[in-house]
Amino acid sequence: MKRKLRMGMIGGGKDAFIGAVHRLAANMDGLIELSAGALSVNPEIGYESGKLLFLPDNRIYTNYEEMLTKESELPADERIDFVTIVTPNFAHFAPAMMALDKGFNVVIEKPMTLTLEEAKQLKAKVEETGLTLCLTHTYSGYPMVKQAKQMVSEGALGAIRKIIVEYPQGWLSTLSEREGNAQAAWRTDPSKTGKSGSMGDIGTHAAHLAEYISGLKITKICADLSIVVPGRAIDDDGNVLLKFDNGANGVLVASQIAAGEENALKIKVYGEKGGMEWHQMEPNTLIVKWLNAPAQIYRTGNSYMGSFAQHNTRTPGGHPEGYLEAFANIYKNFALTVDAKLNNEQPTAAMLDFPSTEDGIRGMAFIENVVTSSQSDQKWLDYKL
């Protein structure tokens, strides 16, 4: 790259957890710099947040419309190259569409939109403009997840037969949305988060991970969603049976009322020859179990890792890489892709290895199908896009 890419952030002001994570991740490889921001719906908080991030006054904006309009009027060597949208779910679609219309690439938090129809419109706009959209399904950024995907794609396990993926959390075990928890308040409000709670928030991560590692697509589901905590407006627990396009079956569990759990995402993938297991809270280890041989333990940072894992590893073996580095891998690959396009070059497969609008549509379809299935008396429903 000849220069850093210039980022404008929408949302993510002071005290916003995910905004700080995005900025740390974007900065990790020295490829991106924060150049502008519309950091809060509250102008005072937005301005204060911008000053804390050392943005010049004329690049701190009161709202995203002002930022996108004024940035698009700047000379090409000054304006931002892309926007990062870190607002609640209901505020993803409009700024993303406007950004693309103004000629800016987009990084967006998941789920991509509030509805499946919005996701389809956003994909059409990306295709119309030829710009790049990256969806931050963070867990696909871990080196060992990429190792698992490459091993499966190369046939190490043989044909995949079964996938078990679960994401238990415990942080919504009480009615914390009524106890001053701002994160809980919007994530449990259907008008802001969409028609599903636990499945929309973390179930989509589990579904994406299952499809990403296996290379398969979900074709049928049988779902059961529950509201466990009395007084809650939206599901906080759910179980889904899955069928994939090669005939494999699976089980997906997502719960935010699993008391005592943190972010215990884990996945097991089984094929004809063996299986593999990865735990998000022990991210540098991939366990591979063989049908007729001893189990193996793969560790991040070693020379035996595949090309995609190596492309996304920063430190020698034994120096743990975690959530922030996985997030940064998504930003790195996005930045390299955008830079290649700016220079009329073809991005490599490793550069293009980040979630896009297709993943966003499948995520929204997952939510729609799970809710429909849970409300139906029919055991199996076809997975509709």
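Positions are given from 1 along the sequence.
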Is there a donor-acceptor pair under 3.5 Å between the side chain of [X] and the backbone N or O of [Y]?
X	Y	result
His92	Ile108	no
Tyr383	Phe366	yes
Asn246	Ala248	yes
Ser72	Thr69	yes
Ser374	Val370	no
Lys149	Tyr212	yes
Ser373	Asn369	no
Lys102	Met97	no
Arg362	Glu211	no
Glu166	Val253	no

On a heavy-atom basis, which atom in [X] and which in [Y] lie closest, and how many Å separate them?
X	Y	result
Leu116	Ala365	CD1-N, 3.9 Å
Ala326	Thr138	CB-O, 3.8 Å
Gln256	Gly197	OE1-C, 4.2 Å
Gly46	Leu39	O-CD1, 4.0 Å
Pro43	Thr62	CB-CG2, 4.4 Å
Ala26	Ile32	O-CB, 3.4 Å

Just how far is it from atom [atom1] of [X] to atom [atom2] of [Y], taken to the nearest 0.5 Å?
X	Y	atom1	atom2	answer
Leu324	Asn329	CG	CG	11.0 Å
Arg299	Asn302	CZ	CG	8.0 Å
Ile45	Leu52	CD1	CG	11.5 Å
Met364	Asp359	CE	CG	13.5 Å
Tyr167	Tyr139	OH	OH	2.5 Å
Lys268	Ile213	NZ	CD1	13.5 Å

Ion pair [X]/[Y], N-O distance below 4.0 Å:
X	Y	value
Glu71	Arg59	yes
Glu78	Arg6	no
Lys125	Glu128	yes

Exceeds 12 heavy-atom contacts within 6.0 angstrom, atom [atom1] of [X]:
X	atom1	result
Tyr304	OH	yes
Lys70	NZ	no
Glu65	CD	yes
Glu282	CD	no

What orientation do [X] and [Y] show, parallel under 30°, tilted 30 to 60°, or perpendicular over 60°?
X	Y	result
Phe82	Phe334	perpendicular
Phe17	Tyr323	parallel
His208	His137	parallel

Heavy-atom side-chain contact between [X] and [Y] under 4.5 Å:
X	Y	answer
Val371	Met199	no
Tyr331	His22	yes
Pro95	Val83	no
Met9	Leu53	no

| message | Run the side chain to side chain contact (heavy atoms under 4.5 Å, CB included) test on Phe244 and Ile160 for me, step by step, so that the C-alpha distance in whole Å, both residues' side-chain angles and the decisive distance to 0.1 Å come before the verdict. | response | CA-CA 10 Å; Phe244 294 87; Ile160 300 305; over 6 Å; no
| query | In the hydrophobic clustering (ILVMFWY, side-chain contacts below 4.5 Å, transitive), which residues join Ile257, or is it alone? | reply | Leu175, Val228, Val229
Report yes or no: do [X] and [Y] form a side-chain donor-acceptor pair below 3.5 Å?
X	Y	value
Ser198	Asp235	yes
Tyr64	Thr87	no
Ser40	Asn42	no
Asn312	Tyr142	no
Asn89	Thr193	yes

Flag yes if [X] and [Y] sit in one hydrophobic cluster, no otherwise; membership is Ile, Leu, Val, Met, Phe, Trp, Tyr, and two members link when side-chain heavy atoms are under 4.5 Å apart.
X	Y	result
Phe308	Leu286	no
Leu131	Met7	yes
Ile164	Leu291	no
Ile367	Phe90	no
Phe93	Ile18	yes

| task | Evaluate side chain to side chain contact (heavy atoms under 4.5 Å, CB included) for Val165 paired with Leu265, printing each intermediate quantity in order. | result | CA-CA 8 Å; Val165 59; Leu265 173 63; 4.2 Å; yes
| said: Walk me through whether Met112 and Lys123 qualify under side chain to side chain contact (heavy atoms under 4.5 Å, CB included). | reply: CA-CA 10 Å; Met112 188 164 72; Lys123 181 185 178 184; 5.5 Å; no
| task | Kindly determine whether Glu177 and Arg232 satisfy salt bridge (Lys or Arg N to Asp or Glu O under 4.0 Å), including the steps that lead there. | result | CA-CA 9 Å; Glu177 57 266 40; Arg232 183 157 287 150; 2.8 Å; yes
| From CA spacing to verdict: side chain to side chain contact (heavy atoms under 4.5 Å, CB included), Thr136, Phe327 | CA-CA 7 Å; Thr136 54; Phe327 225 116; 3.8 Å; yes
| Under the salt bridge (Lys or Arg N to Asp or Glu O under 4.0 Å) rule, what pairs show up with a residue in residues 312-326, not counting sequence neighbours? | Asp29-Arg314
| Could you give all pairs that pass the side-chain hydrogen bond (donor to acceptor under 3.5 Å, both in side chains) test and reach residues 288-298, with sequence neighbours left out? |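 Sorted pair list: Glu277-Lys289, Trp290-Gln296, Gln296-Tyr298.
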| said: Using the rule salt bridge (Lys or Arg N to Asp or Glu O under 4.0 Å), only one of Lys4, Arg3, Lys341 pairs with Asp81; which is it? | reply: Arg3
| request: With Asn249 as reference, evaluate Lys220, Lys162, Lys243, Arg161 under the side-chain hydrogen bond (donor to acceptor under 3.5 Å, both in side chains) test and give the passing residue. | output: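 Only one of Lys220, Lys162, Lys243, Arg161 forms a side-chain hydrogen bond (donor to acceptor under 3.5 Å, both in side chains) with Asn249, namely Lys162.
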